[in-house]
Amino acid sequence: MNDKFLKPYNPQETEKRIYEFWEKSGFFNPDNLPQRHKDPFTIIMPPPNANGSLHSGHALFVALEDLMVRYKRMRGYKTLWLPGADHAGFETQVVYEKKLEKEGRSRFKMDPKELYDEIMEFTLSNKSFMEGQVRSLGASCDWSRERFTLEPEIKKIVYGTFKKLSDDKLLYRGKRIVNWCSKHQTSLSELETESIEQEDKFYYFQYGPFQIGTTRPETKFGDKYVVVHPDDERYKQYKDGQKFDLEWVNGPITATLIKDDVIDMEFGTGAMTITPWHDPVDFEIAQRHNLEYEQIIDFHGKMLPIAGQEFEGKNIKDARELIIKKLDEKGLLVKTDENFKHSIKICYKCNRPIEPQIKAQWFIKMQPLAQKAMEAVKNKKINFVTERHEKIFFHWLENIRDWNISRQIIWGIPIPAKICKKCNEGIVDLDNIISKCPKCNNEVEKDPDTFDTWFSSGQWPFATLNYPDGDDFKNFYPTDVMETGHDILFFWVARMIMLGIYRTNEIPFKNIYLHGMVRDAKGKKMSKSKGNVINPLDMSEKFGTDALRMSLIVGNTPGTDMNLSEDKIRAYKKFANKLWNISRFILENIDDSKEIDLQSDELNKLRKTDSELQKLQKLTLDITDDMENYRFYMASEKIYHYVWHEFADKIIEESKLKINNQKDENINEIKLILLEILQNVLKLLHPFMPFITEEIWTELPIKNKKYLIIEEWTNV
RNA sequence: GGGCGAUUAGCUCAGUUGGUAGAGCAGUUCGUUUACACCGAAAAGGUCGGGGGUUCAAAUCCCUCAUCGCCCACCA
């Protein structure tokens, strides 16, 4: 027996060595697997954002995906787990801007190329740091196939999709209302905004013969349309399109009455003026009735000249106070409701209110793509492991809105298009050859915007496999499982399905496993400011990666948030040590100078007759069924329970008596049974606790032994 | 406003198709001459949120109420 068993299990000493041992073996790469590995099993790793350290959520996905991959590899599949790193456009830019702020710098004062190069350097250094962290978590992924979202090959595929969308008339450039963040100076998709409820004052103003209500007086300068419901009895004497002369903020104006049934007669006075440039509802009314619209607030949140001299250049908050005061002085303020509850949109990064603005952007028509995605799920081509997410998925797709994919940030994939300087026409130009507007023949300039990072991420499964001609695409697509957090079901998963089907005519993955969020011991969200963050790398250092991984898997049902505490991780460190000592006991008691043949007649006979081995076979069957059905939380608990409370507490305890009583004729048989149980247990545990099981495996005196990572899962 | 989920031992959570309630941690009593004190043995602890229904049988299926959480949403 190796002397190392005389000490407690030492994960720090073991893990790095074992990982190198695996990497050298080459078995992370499906091409190097032995002959018996034929059918493919593929998982594309959700590429972590290369802008910081890994958190518990990353540890969870590594634990889950690695266990699936290791299990399938042992089952004889040709397993590919393809790792990657995400440049994470807006996310990274926000992180980097914070860094710049700390240094007293601003991106708006930097040369774009210089800024880009700086962020690239930052990202690449984070990327290699992050790769080391993924390794230390024991990920058996194929590093030779690692991809990065900004590689030229990936860009080329993304550009191809952009072009195809344009050719198929699913892409358009439109002057539409967008979610504008005044801090970040970019538009955002619907998903990148959040709604919060807040209380504001609600003002009623006299507007000609009407009283109109608003929470945003500062937008009202240019309002020249008043809208009521067509069925509203109170306003039936006025005709649609009728004009009124009235006194307003900066003097007399002419207003026009519009009738539209979006108006809620019950709300306020049933009459409102509209500001199409700064409100999505108003914008749609204006579109329907072909009305004019003007910009009142600039992209930095300041009033434009249209507001009049005394308001120009003022920020929103100041302008609001001033305009109320002025209208009040003019006798046009009717009343003010305090504490009006309503919800507003905020930027999901800085929590500042979104200022809707009209801006020319690239949009994708989502409805046709959504239709096919829903069909694929309905026809069971794509299966949600967590069924309730299927409902959420449908609900979102049924109500999908067009997707703005233009971002006014430098960190991302440039949009390959030209914009006409005169007529603002957008022209897709992959080869950068167009110099004149095909519509008006005027000069064009390069679109300065970049893609929403999710537009390229949405193509990740087929892009990483080298669509359309790569061997990997032919061999490994569609992939088997998409495993990621439920928080990015819409951001990422739904888009991968839509874009995957659209581009390849084939689903990108067959099964979707969504994990929940990892919270602290009390169920609170982990955050740096609360100081309750559990850093997975620290935990792995302190208790061992196997212990960390077990703590993330046992009792963690798919799709549900889980709470993680150091106590739980510590418990599995003890378990690792228990397994270590079980192995020590067995190695001490068997003659390990000669190798044991697992296919011997004696052992084969025992497998059929010994009641303990029969029980273990039943358990193996049961666990295998759990593994096939994604019940890892059950499989892991069952094997834990068996090892500790059956194998150690009962079987080994009982064997001591027999071993100590040297006269027992069956002593060799008992030792054989113990070894048989141990080697099976190591196999069952390997997907969950890869390091310690491989480490013990190397010490077992077994004939024709291979690496545990490619040993055959026990077939019963 | 719509949708989804949760409510089980002091705490944090499991419980796969309905068949006499489980784990970790905390806590009680006892136990160390060699696998392991990162341990063992024993005991203790829950009318499974309330109410109703289906069933021979319900934590599990159905209805209803309460509380909490999450997601989606263009009432100015």
Side-chain angles (χ1 to χ4, degrees), chain A residues 1 5-9 177 190-191 194-195 202-204 212-216 219-220 223 227 262-275 279-285 340-343 345 356 386-396 398-399 401 486-487 489-490 516-517 519-523 525 543-544 547 550-551 554-557 559-589 622 625-626 629-631 633-638 640-641 644-645 648-649 652-653 655-656 660 674:
Chain A
M1 184 189 76
F5 282 103
L6 297 175
K7 292 183 195 156
Y9 174 61
I177 198 138
E190 299 304 325
L191 287 175
E194 279 170 15
S195 294
F202 190 79
Y203 305 94
Y204 289 89
I212 55 127
T214 184
T215 53
R216 299 206 56 190
T219 62
K220 298 286 141 197
D223 287 9
V227 189
V262 295
I263 295 294
D264 180 356
M265 287 186 274
E266 307 293 315
F267 187 86
T269 59
M272 69 171 191
T273 60
I274 57 167
T275 315
D279 185 286
V281 180
D282 296 2
F283 176 80
E284 280 180 20
I285 295 172
F340 173 69
K341 257 193 200 167
H342 66 148
S343 54
K345 275 190 185 180
T386 49
E387 272 179 53
R388 70 169 181 276
H389 288 113
E390 191 174 308
K391 293 179 193 163
I392 299 172
F393 171 84
F394 277 117
H395 183 257
W396 188 69
E398 278 159 9
N399 300 295
R401 294 157 74 181
H486 69 64
D487 55 328
L489 172 60
F490 305 142
M517 302 297 104
R519 300 170 178 281
D520 78 359
K522 300 278 178 202
K525 201 172 169 182
F543 302 111
M550 273 299 264
S551 73
V554 178
N556 181 10
T557 40
T560 311
D561 291 353
M562 73 166 305
N563 298 352
L564 182 65
S565 65
E566 278 203 33
D567 278 343
K568 190 173 179 189
I569 309 170
R570 188 178 294 113
Y572 293 103
K573 176 184 158 58
K574 291 183 181 178
F575 177 63
N577 198 49
K578 189 77 185 176
L579 182 67
W580 188 249
N581 283 301
I582 287 169
S583 310
R584 171 181 165 180
F585 175 83
I586 292 169
L587 288 169
E588 269 178 345
N589 282 291
D622 197 15
D625 188 55
D626 286 338
N629 291 292
Y630 304 93
R631 294 189 299 261
Y633 57 103
M634 298 231 50
S636 53
E637 191 171 335
K638 281 174 188 164
Y640 170 90
H641 192 268
W644 203 309
H645 302 297
D649 290 350
I652 289 185
E653 286 307 319
S655 76
K656 282 181 186 172
N660 290 338
L674 290 178

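Every chain is numbered from 1, with letters handed out A, B, ... down the list of sequences.
Taking the C1' atom of each, B:C48 and B:U32 are spaced 40 Å apart, rounded to whole Å. Taking the C1' atom of each, B:G5 and B:C13 are spaced 16 Å apart, rounded to whole Å.
Note on A:Phe283: nothing from the nucleic acid sits closer than 4.0 angstrom, heavy atoms only. A:Ser551 comes within contact range of no nucleotide atom at all, as no heavy-atom separation falls under 4.0 Å. Counting non-hydrogen atoms under 4.0 angstrom, A:Arg584 reaches the backbone sugars and phosphates but no base.
Comparing B:A35, B:G5, B:G15 by their nearest atom to the side chain of A:Tyr633 picks out B:G15.
The separation between A:Glu653 atom CD and B:A35 atom C1' is 9 Å, rounded to whole Å.
Between A:Lys391 and B:G5, a side-chain N or O to OP1/OP2 separation shorter than 4.0 Å is present.
Using a cut-off of 4.0 Å between Lys/Arg side-chain N and Asp/Glu carboxylate O, A:Lys345 and A:Glu190 are scored as salt-bridged.
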| task | Report the secondary structure of RNA chain B in dot-bracket form, marking unpaired bases with a dot and bases paired to a different strand with |, and treating Watson-Crick or G-U pairs with both distances under 3.5 Å as paired. | result | (((((((..((((.....[..))))..((((.......))))......(((((..]....))))))))))))....
| note | Contact string for nucleotides 69-76 of chain B, one letter per nucleotide 5' to 3', B = base within protein heavy-atom range under 4.0 Å, S = sugar-phosphate only, - = neither, reads --SSSBBB
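The side-chain heavy atoms of A:Leu674 and A:Phe585, taken from C-beta on, include a pair separated by under 4.5 Å.
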